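Let me begin by presenting the structure, written as structure tokens, before commenting on it.
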Amino acid sequence: MELPRESRHRLVVLGAGMSGLCMGVRLKRSGIDDFLILEKQAGLGGTWWDTRYPGAQVDVPAPAYAFSFAPNPDWSRRFATAAEIQRYQQALAEREGLLPHLRFGQTLVAAHWDTVAAEWRLHTAAGAVLRARWFVCSTGPLSPPRWPEFPGLDSFAGPRLHSARWDETVPIEGRRVGVIGTASSAAQLIPPLAERAASLTVFQRSANWVLPRLDRRYRTTDRWLARRPLWAGLARQGWIGLLEQVRKGFDAGHPVRYLLLALAHGLRHWQVRDPVLRAALAPQYPLGCKRLIFSNNYYPALARPNVRLETTPIAAVQAGGLRLADGREHALDVLVCATGFDTGRPLSAISIRGRDGRGLDAAWADGAQAHHGISVAGFPNLFLLLGPNTATGHTSTLPFIEAAVEHILACMARTEAAGARAIEVEAEAMAAHNAALQARLAGSVWSQCQSWYRAANGRIVALFPGGSADYVAAVRVPRTTDYRLHRDQE
Ligand code: NAP
């Protein structure tokens with residue numbers, strides 16, 4: 001549905017992924033109907049709309065990957081596919097009456113706080129202007145694809161694919177395929193591509209930690225049990241509790257760490273018979289520093305006769321393939337970049353200006369930061385979902401989203417009940433929160449390698465160091481003293 005050239009709303013949500021949909025559901029259930037959800041893609045789902053590469057699955061057990069208020073008894077397997085998660089999101093949006101609130105194909109280019117009117121002015125690429133009292137950015141950290149910066153990347157003559165924007169029409173059968181990257185996305189797409197390609201070369205810069213994936217199909221009895229609310233609740237909490245145990249494996253010296261190390265070493269030794277290949281697959285950074293990979297078919301795929309692991313750095317891309325640092329060349333028909341997302345400068349594609357015209361890019365010059373990842377000093381009535389330092393390397397992100405949404409609703413209710421114009425986090429509260437967070441992250445396992453959790457200056461801007469229960473307890477109910485209300489034009 002098109003947007004009128006000018007419109008006014010109580011609230012605008014940006015992004016129709018898990019967090020935007022959660023916000024929409026909770027708004028509707030709170031009796032708030034005057035809101036829009038803008039989405040740049042042609043459909044809802046966020047990352048689960050974008051992620052279409054073969055083999056795409058979530059790496060959190062499905063019972064923990066449904067909202068607490070919207071369990072899904074119909075998951076077909078323990079680790080749901082991307083398509084199945086997108087269908088869950090679509091059904092949720094339909095059931096909760098969100099469809100009339102969604103506007104697809106809308107790219108936001110600017111968002112400016114108008115102090116006099118106490119509202120946000122939002123400008124879309126198509127020229128529409130929306131005014132909204134409240135603005136919630138739920139674009140998530142995993143949205144803009146990151147292409148590697150090799151000389152000649154654009155000169156590649158064949159199809160060039162990115163894991164985050166897959167083109168299903170590109171033929172793989174009988175082709176010579178090259179995959180750059182060996183992390184979560186690559187580990188999922190390499191096995192199915194290896195079955196179809198004539199040859200597949202994996203270009204590895206870093207070997208990653210791989211653990212067994214305890215996947216299985218759900219049977220009729222599983223689905224029957226999942227329809228029993230008590231069982232469904234216990235299963236969800238059970239999985240979340242188990243994943244929290246994995247988190248302990250990121251702490252030096254914890255017994256769980258030895259268990260994870262033993263599982264990773266065991267899997268590599270059991271599945272990779274060739275000692276040269278096995279040595280090349282041994283990670284050179286501490287377990288947990290980058291996202292763990294759970295896979296039973298990644299190592300076997302690398303051991304296939306038509307698959308080759310290349311560890312020499314890439315020097316350049318050419319029309320017919322890749323040239324390596326030692327001068328060797330690899331002829332390729334299809335180039336796949338499983339090189340992740342641009343996470344260092346979130347929201348940088350939008351000009352966001354808060355009180356006094358200050359830009360979010362300037363506020364985040366030393367790396368993105370917010371109060372509990374939700375609110376930013378100087379930006380009244382703006383809230384972020386899955387904002388800075390809310391990502392997790394071990395569990396479902398959904399409990400984080402649900403708690404942050406409750407935080408936002410509480411801030412809105414407090415402001416409106418007080419008859420105030422706006423609410424803004426206190427700069428001191430935000431600074432104290434971030435100082436404590438960075439102190440907790442300093443010397444942690446995540447500071448011991450380079451990953452998408454860190455900005456270019458090394459600051460860990462994406463990851464939350466604790467468990468989901470820590471975050472939920474700190475966030476669900478905002479502390480009154482952390483926020484100030486604006487009653488006048490300030
Ligand atoms: P990623 O974790 O950022 O990994 C990017 C990969 O590309 C790494 O192997 C990286 O090597 C490599 N790379 C990047 N630039 C390169 C260059 N110039 N030359 C050579 N190699 C280069 O991205 P991702 O795999 O898309 O995963 C991102 C996040 O998405 C995950 O951590 C996870 O949170 C989420 N995700 C989840 C699932 C799931 O639920 N199953 C699936 C996919 C993604 P280095 O390690 O050396 O940098």
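Only a predicted model underlies this, so the values are computations on that prediction, with no experimental measurement involved. For ligands, and for the atoms within them, numbers begin at 1 and follow the listed sequence.
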Ignoring hydrogens and geometry beyond distance, is a side-chain donor-acceptor pair present between [X] and [Y] at under 3.5 Å?
X: Asn457; Y: Arg459; value: no
X: Gln57; Y: Arg213; value: yes
X: His265; Y: Arg268; value: yes
X: Ser155; Y: Gln318; value: no

- Item | Within the 4.0 Å heavy-atom sphere of ligand 1, strictly under, residues |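 Within 4.0 Å of ligand 1, the protein residues are Tyr53, Gln57, Val58, Asp59, Leu142, Arg146, Pro148, Phe150, Ile180, Gly181, Thr182, Ala183, Ser184, Ser185, Gln188, Arg205, Ser206, Lys290, Arg291, Ala338, Thr339, Gly340, Phe341, Trp452.
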N-O pairing of Asp59 and Arg291 below 4.0 Å
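Yes, charged N to carboxylate O under 4.0 Å.
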_His330 and Phe203 aromatic centres sub-6.0 Å_ =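 Ring centroids of His330 and Phe203 are less than 6.0 Å from each other.
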